[in-house]
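Please read the structure below before turning to the comments.
Since this is a predicted model, take the numbers as computed values, not measurements.
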Amino acid sequence: MTQRRFSRRVEDFTCEHCGTRVEGDGYTNHCPRCLWSRHVDVNPGDRASPCGGMMRPTHVTMKHQAYVVHHECVACGFTRSNRINEGDDFDAVIKLASKRS
């Protein structure tokens with residue numbers, strides 16, 4: 001039996017990095033203000049990771065004409081990439097992108 005690669009979960013949360021209250025839409029996987037995330041999934045949406053560490057945004061790239069933020073777990077080193085959402089703070093995206101240049 002194959003495991004699903006994505007499970008949509010509509011969940012609200014408070015960012016543990018900056019304290020912003022975030023209303024999830026089922027695809028929300030990082031704070032729109034500071035871009036930090038949490039290592040809670042093995043596959044997106046499954047909440048199967050025992051780690052739970054904070055995921056630091058490390059850099060931004062472009063893929064198929066969309067911005068992608070890359071995260072690294074500060075607890076275990078796991079990495080994951082996520083597309084930037086329309087509601088994300090674009091100044092934070094530009095600031096992160098400029099750090100890598």
Side-chain angles (χ1 to χ4, degrees):
M1 180 173 218
T2 60
Q3 185 176 12
R4 290 180 61 186
R5 300 288 297 165
F6 176 79
S7 299
R8 184 171 184 227
R9 289 184 179 254
V10 179
E11 297 174 317
D12 297 340
F13 62 93
T14 299
C15 176
E16 291 183 29
H17 182 257
C18 72
T20 297
R21 183 73 184 139
V22 180
E23 290 186 27
D25 66 2
Y27 302 102
T28 308
N29 52 24
H30 59 265
C31 174
R33 181 171 173 218
C34 69
L35 307 178
W36 279 68
S37 186
R38 279 193 55 219
H39 185 189
V40 295
D41 297 335
V42 173
N43 291 307
D46 66 11
R47 304 303 185 256
S49 175
C51 179
M54 293 298 295
M55 302 267 303
R56 174 177 62 93
T58 58
H59 63 285
V60 174
T61 58
M62 289 287 289
K63 184 176 181 180
H64 304 293
Q65 298 181 331
Y67 289 98
V68 176
V69 63
H70 300 265
H71 293 98
E72 180 179 18
C73 180
V74 299
C76 72
F78 176 79
T79 60
R80 173 159 284 145
S81 303
N82 299 290
R83 279 188 283 162
I84 296 298
N85 299 317
E86 185 176 308
D88 289 346
D89 181 342
F90 199 67
D91 288 338
V93 173
I94 296 301
K95 184 177 178 181
L96 182 60
S98 68
K99 287 183 180 182
R100 190 83 174 198
S101 302

Next on the checklist: Within the 4.5 Å heavy-atom criterion, are V22 and T28 side-chain neighbours or not?
Outcome noted: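 V22 vs T28: side chains touch.
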Next on the checklist: Is there a side-chain contact between D12 and R21 in this structure, where contact means two heavy atoms from C-beta onward sitting under 4.5 Å apart?
Outcome noted: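 When only atoms from C-beta onward are counted, R21 and D12 do touch, with a gap below 4.5 Å.
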Item to check | M54 vs W36, side-chain contact (heavy atoms from CB on, under 4.5 Å): CA-CA, chis, key distance, verdict | outcome: CA-CA 7 Å; M54 293 298 295; W36 279 68; 3.8 Å; yes
Check for a donor-acceptor pair, side chain of [X] on one end and backbone N or O of [Y] on the other, with a separation under 3.5 Å.
{"X": "N43", "Y": "D46", "answer": "no"}
{"X": "T58", "Y": "H70", "answer": "yes"}
{"X": "D89", "Y": "P32", "answer": "no"}

Heavy-atom pair of closest approach, residues [X] and [Y]:
{"X": "G53", "Y": "C73", "answer": "CA-SG, 3.9 Å"}
{"X": "C34", "Y": "C18", "answer": "SG-SG, 3.7 Å"}
{"X": "V42", "Y": "R80", "answer": "O-NH2, 2.7 Å"}
{"X": "V10", "Y": "G24", "answer": "CG1-O, 3.6 Å"}
{"X": "V93", "Y": "V60", "answer": "O-CG2, 3.9 Å"}
{"X": "L35", "Y": "H30", "answer": "O-CB, 3.7 Å"}

Checklist entry - Any link between I94 and V69 through a network of hydrophobic side chains (Ile, Leu, Val, Met, Phe, Trp, Tyr) touching at under 4.5 Å? => result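 Yes, one cluster joins them.
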Checklist entry - Can you hop from M55 to V40 via hydrophobic side chains spaced under 4.5 Å? => result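 M55 does not cluster with V40.
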Checklist entry - Quick check: are there more than 12 heavy atoms from other residues, nucleotides or ligands sitting under 6.0 Å from CZ of R83? => result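 Open: at most 12 neighbouring heavy atoms sit under 6.0 Å from CZ of R83.
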Item to check | Flag if over 12 foreign heavy atoms under 6.0 Å of CD, E11 | outcome: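 Atom CD in E11 is crowded, with more than 12 foreign heavy atoms closer than 6.0 Å.
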Checklist entry - When you look at V68 and M62, which way does the side-chain contact (heavy atoms from CB on, under 4.5 Å) test go after all the steps? => result CA-CA 6 Å; V68 176; M62 289 287 289; over 6 Å; no
Checklist entry - Is the closest side-chain donor-acceptor distance between S49 and H39 under 3.5 Å? => result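 Result is yes, a qualifying pair exists.
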Next on the checklist: Within the 3.5 Å criterion, strictly below it, is a donor on T79 or H71 matched to an acceptor on the partner's side chain?
Outcome noted: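 On atom types as modelled, these side chains do not qualify, holding no pair under 3.5 Å.
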Item to check | Candidate pair D88 and Y67, rule side-chain contact (heavy atoms from CB on, under 4.5 Å), full reasoning | outcome: CA-CA 11 Å; D88 289 346; Y67 289 98; over 6 Å; no
Item to check | Partner residues of E16 under the salt bridge (Lys or Arg N to Asp or Glu O under 4.0 Å) criterion, sequence neighbours left out | outcome: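 Testing E16 for salt bridge (Lys or Arg N to Asp or Glu O under 4.0 Å), a comparison that skips the adjacent residues, returns R38.
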